[in-house]
Amino acid sequence: MKKKAAPVLAVLILVIIVAVIGIVTNLVKKYTPTSEVMSGEEYFHLNNADEAALVIQDEVSEYKGIVSGDTCYVDFEAVKNELNDRFYWDSEANLMLYTTPTDIIEIPAGGNKYTATGKTNTENYEIVKVDGTKTYVALDFVQKYTNFDYAVFEEPNRIVITNEWGEREVASIRKKAKLRYQGGIKSPILRELEKNEVVTILQPMEDWTGVLTQDGYIGYIKNDRLVEQRTENQTRDFEEPEYTSVTKDYKINLVWHQITNMDSNYNIIYDIANIKGVTTISPTWFTIASNDGTLDSLAYADYVETAHSNDMEVWALVDNFSESIDTTAVLKSTESRTKMENQLIASAIQIGFDGINVDFENIPEEAADGYIQFIRELSVKCRKNGLVLSVDVPVPMSFSEHYNRAELGKVCDYVIVMGYDEHYYGSEEAGSVASLGFENQGILDTRKDVPAEKLISGIPFYTRLWNTVTNSDGTTTVTSEALGMDEAQQILDNNNVEASWDETTAQNYAEFEGDDGSLYQIWLEDDKSIEEKMTLVKDYGLAGVAAWKLGFENDSVWDVILKYVS
C-alpha cells in the first residue's frame, strides 16, 4: 500500500508546485510594470522624417507640420481650423490672403514677399509652401496676426503650440518617473520624466493623473510622483485687431425697394410719398451677372439725391439671384471677388450712396469660405470709403450654420436676420410666413453670435394666400401666392370672410372654401402683427428693423413702426 501511495503523493505534490508557480508567475506578471516603450513616431503618428507633429494646447492634432531649417510650417487646414480662420487660400491663383480690419494682405506661394497696405514686404523665409496637394504656412508669419506661442522639439520633430491663455493647474515631478500612454502600469512608456520637471494637469484620477509635458507628450503618471500642485497664470502680450463699425445714433428703420429696371428708379418719389420715419432705403440695384464677378447695375444718382432730400440714407443691395451664375465659383475666385468689390465701391463713389447691403441667399456649404472672405474684403474697402456695410442672413437653422454669423457680427456694421419664409413658395404645407415665435427664435439664435446693437430684425410686409386641393387619390397639392397687406385684405372682403386673432402665430388668420371645394388659408401681416414683432426690437435692444418690401405695406403700419424706432 505504501509503495502504491508514494507515486500518487509525488504527482499531487508536483501538481501543487506547478499550480503555485503558475499563481506566482501570474501575480508577478500582474504587478510588474511593463518596460515596453512606445516610440515617438508611433505616438505622434508620424509617417516620415519630413513630418512634424502638431500639439495644439491639450491635444495632438490630426494635422501635421514641417520643420525646414529654422522655419516651422503648418498645414493650412490647421491654421484655418485651429489657429486663425482669417487666412484664406486661393488654390487656383496660388495665393494666400489675410484680411485685417484695414488691409487685405496678399502672399503669393513659393516666395518670401507679401503685399500689405500697397507696399511689398520681405521675410527671410519662404512664407507659403505648396507640396503636392498640401499647402503649408510659415508659423512665424501666422504668429504676426495670431495670439499663440510655440516651441519646437526634435526626435521626433514636433511643434507645441499654446493658444489659450489664463489659469492652468501645474505640478512638479517629485522624482524620476515614467510617463505612460494610459493610466496603469501595463501601458507603454512614452518617456522618462525628470525630477522637478513641470507638467500641466489635465485629468486627475484616483491613482493616476493625465498630464501634458512641456515638450508635447500627453500621458499618465502615478499621483504619488506629483508635488507642489499649483495654479499658474499663462499670458502673452498680443494686441487683438479692432474692428471699428459705423454705429448710427438712431434706430435703423430700413425698407427694401425692389428695382426691376432703370425706369423703376423714377418712381421713388411716388413710392415714398406715404412713408413715415424711414431712415434707410435699400434699392435692389446690383446682381451678379457672370462667374467672373461682373455685376449688373441699376444704380441711379437722381434716386440717391431724392432719398437724401427726404432724410434717408441709401444702402444699395447686391444679390446672387441670377440662375445663370455659380455662387461657389464666383466667391471662390479672388479675381471675381475683387471685381465685385471694386465695382460696388466705384459705384458708391460715383453715384453717392451711403452703404452696401449684401443679400446672398441659399449659399451652399462649399461656398462658405469664399462668402465670408468676400465680406471681410468688402468691409475693408467700405471702412476706407466711409460706407456702411450690412448683410442679410437667414434665421439660424442646421442647414445654414456655415454662414459664420459670429464673424459677420465682427466685420460688418449691421447684420439683418430675415425673420420670414417660415413657410415659403414650394412649402409642402400651408402656414405663416413669419409667426412671432419664428421671428423671436431667429433673433435669439442670431444674438448668440451678433451683438444686439448690430442686429436688425427683418420683417415681412407680405403674406401668402395658400390653396390646398385634395386630389382624387387622397393626396393634396399646396400652392401659394405672395400678397401685400391691402391686397390680402381685399381678397377677404371679396369673399365675405373675417379674420380672427391666432395666439399661436400672433397674427390674424382666415380660411374659406373656393368654388372648386379647395381650402384657402391666410395668416395676415397687419398693424397688429407688425406691432407684436416690433416689441421684440424694443425688448431685445436691437439696432432697428428692416421690412420687405416697399409697396406691400398699408399706410398705417408706418405709425406702428415709428413708435418703436423713434
Side-chain angles (χ1 to χ4, degrees), residues 77 80-82 85-86 88 256 284 287-288 291 317-333 336-337 340 357-376 378 389-412 414-451 454-460 462-464 466 478-480 482 504-505 523 533 536 540 542 546 548-549:
E77 293 298 325
K80 183 179 110 176
N81 295 326
E82 308 221 25
D85 67 359
R86 291 188 178 129
Y88 181 85
W256 283 290
T284 59
T287 192
I288 304 175
N291 289 342
L317 181 145
V318 56
D319 67 45
N320 64 332
F321 296 169
S322 173
E323 295 182 358
S324 64
I325 62 108
D326 180 344
T327 298
T328 301
V330 176
L331 295 176
K332 182 179 179 181
S333 165
S336 296
R337 289 193 315 273
M340 290 191 292
N357 177 239
V358 179
D359 188 23
F360 289 176
E361 299 187 21
N362 299 315
I363 297 174
E365 190 167 357
E366 57 269 24
D369 288 344
Y371 168 68
I372 196 65
Q373 183 63 17
F374 170 71
I375 299 297
R376 288 189 189 111
L378 185 58
L389 177 60
S390 63
V391 61
D392 308 333
V393 296
V395 166
M397 296 285 185
S398 59
F399 55 79
S400 65
E401 290 178 352
H402 56 276
Y403 270 72
N404 196 350
R405 292 168 179 82
E407 185 73 349
L408 293 174
K410 290 186 178 74
V411 305
C412 294
Y414 293 102
V415 175
I416 304 174
V417 56
M418 298 180 289
Y420 38 85
D421 283 345
E422 179 180 5
H423 294 84
Y424 49 89
Y425 178 79
S427 288
E428 295 181 355
E429 62 179 8
S432 170
V433 169
S435 68
L436 186 64
F438 182 78
E439 178 87 15
N440 182 66
Q441 195 62 52
I443 291 170
L444 288 176
D445 290 342
T446 308
R447 207 173 59 154
K448 294 174 183 176
D449 295 317
V450 180
K454 284 190 172 189
L455 184 58
I456 295 174
S457 175
I459 64 172
Y462 71 96
T463 184
R464 286 192 172 276
W466 299 89
V478 179
T479 57
S480 69
T504 302
T505 59
W523 287 261
K533 293 176 174 63
L536 301 178
Y540 293 133
L542 303 186
W548 178 266
K549 65 177 181 170

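Small disclaimer: the values here were computed from a predicted structure and weren't measured. Values below: all heavy atoms of this structure, side chains included; hydrogens, waters and symmetry mates excluded. Index from 1, following the sequence.
In this structure, CH2 in Trp548 is found 12.0 Å from CD1 in Ile416, a value given to the nearest 0.5 Å. Taking OG1 of Thr284 as the reference point, atom CZ of Phe321 lies at 8.5 Å (rounded to 0.5 Å). A distance of 9.5 Å separates CH2 of Trp466 from OG of Ser432, quoted to the nearest 0.5 Å. Distance check: Arg447 CZ to Tyr540 OH gives 6.5 Å after rounding to the nearest 0.5 Å. Taking CD1 of Ile375 as the reference point, atom CD of Glu407 lies at 10.5 Å (rounded to 0.5 Å). Residue Asn320 holds its CG atom at 6.0 Å from CZ of Phe360, rounded to the nearest 0.5 Å.
Shown here for Ala546 and Ile456, the closest heavy-atom pair between the two residues is N-CG2, 3.6 Å. Nearest approach of Ile363 to Ala368, heavy atoms of both residues: CG2-N, 4.5 Å. When all heavy atoms of Thr328 and Pro364 are compared, the pair lying nearest together is OG1-CG, 3.2 Å. Taking each heavy atom of Met418 and Asp392 in turn, the nearest pair found is SD-CB, 3.8 Å. Taking all atoms of both residues into account, the shortest heavy-atom contact from Pro396 to Gly442 is CD-O, 3.8 Å. When all heavy atoms of Gly419 and Val395 are compared, the pair lying nearest together is CA-CG2, 3.9 Å.
A cation-pi contact links Arg337 to Tyr88, judged by a cut-off of 6.0 Å to the six-membered ring centre and 45° from its axis.
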task: Check step by step if side chain to side chain contact (heavy atoms under 4.5 Å, CB included) holds for Val391 and Tyr403.
output: CA-CA 11 Å; Val391 61; Tyr403 270 72; over 6 Å; no
Which is it for Glu439 and Leu536 under the side chain to side chain contact (heavy atoms under 4.5 Å, CB included) test, yes or no, and what are the steps along the way?
CA-CA 9 Å; Glu439 178 87 15; Leu536 301 178; 3.7 Å; yes
Please report the C-alpha distance between Arg376 and Arg86 in whole Å, then the side-chain angles of each, then the deciding distance to 0.1 Å, and finally whether the side chain to side chain contact (heavy atoms under 4.5 Å, CB included) criterion is met. CA-CA 9 Å; Arg376 288 189 189 111; Arg86 291 188 178 129; 3.6 Å; yes
Under the criterion side chain to side chain contact (heavy atoms under 4.5 Å, CB included), I'd like the reasoning laid out for Val417 against Val450: C-alpha separation, chi angles, the key distance, then a yes or no. CA-CA 10 Å; Val417 56; Val450 180; over 6 Å; no
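Using a distance-only test at 3.5 Å, with no hydrogens or angles considered, no donor-acceptor pair links the side chain of Lys549 to the main chain of Tyr462. Remark: side-chain polar atoms of Ser336 are paired, donor with acceptor, to backbone N or O of Asn291 under 3.5 angstrom. Formation of a donor-acceptor pair under 3.5 Å by the Trp523 side chain with backbone atoms of Gly431 is not found in this model. Remark: the backbone N or O of Leu436 is not paired with any side-chain donor or acceptor of Asn440 at under 3.5 angstrom.
Using a 4.5 Å cut-off on side-chain heavy atoms (C-beta onward), Leu331 and Met340 make contact. The closest side-chain heavy-atom distance from Ile443 to Ser457 is below 4.5 Å.
If you check the side chains of Asp445 and Gln441, you find a donor sitting under 3.5 Å from an acceptor. Side chains of Asn357 and Trp256: a donor-acceptor N/O pair is present below 3.5 angstrom, by distance only.
For the ring pair (Phe, Tyr, Trp, His ring centres under 6.0 Å) test, no residue two or more places apart in sequence or in another chain qualifies with Tyr420.
Residue-environment remark: NZ (Lys332) stays at or below the threshold of 12 foreign heavy atoms within 6.0 Å. Heavy-atom neighbours of Asn362 CG from other residues, nucleotides or ligands within 6.0 Å: at or below the threshold of 12.
Partner Val358 forms a side chain to side chain contact (heavy atoms under 4.5 Å, CB included) with one of Leu408, Asp319, Leu378, Leu317 and no other, that one being Leu378. A side chain to side chain donor-acceptor pair (under 3.5 Å) with Ser400 is found for one member of Glu365, Arg405, Glu361 and no other, namely Arg405.
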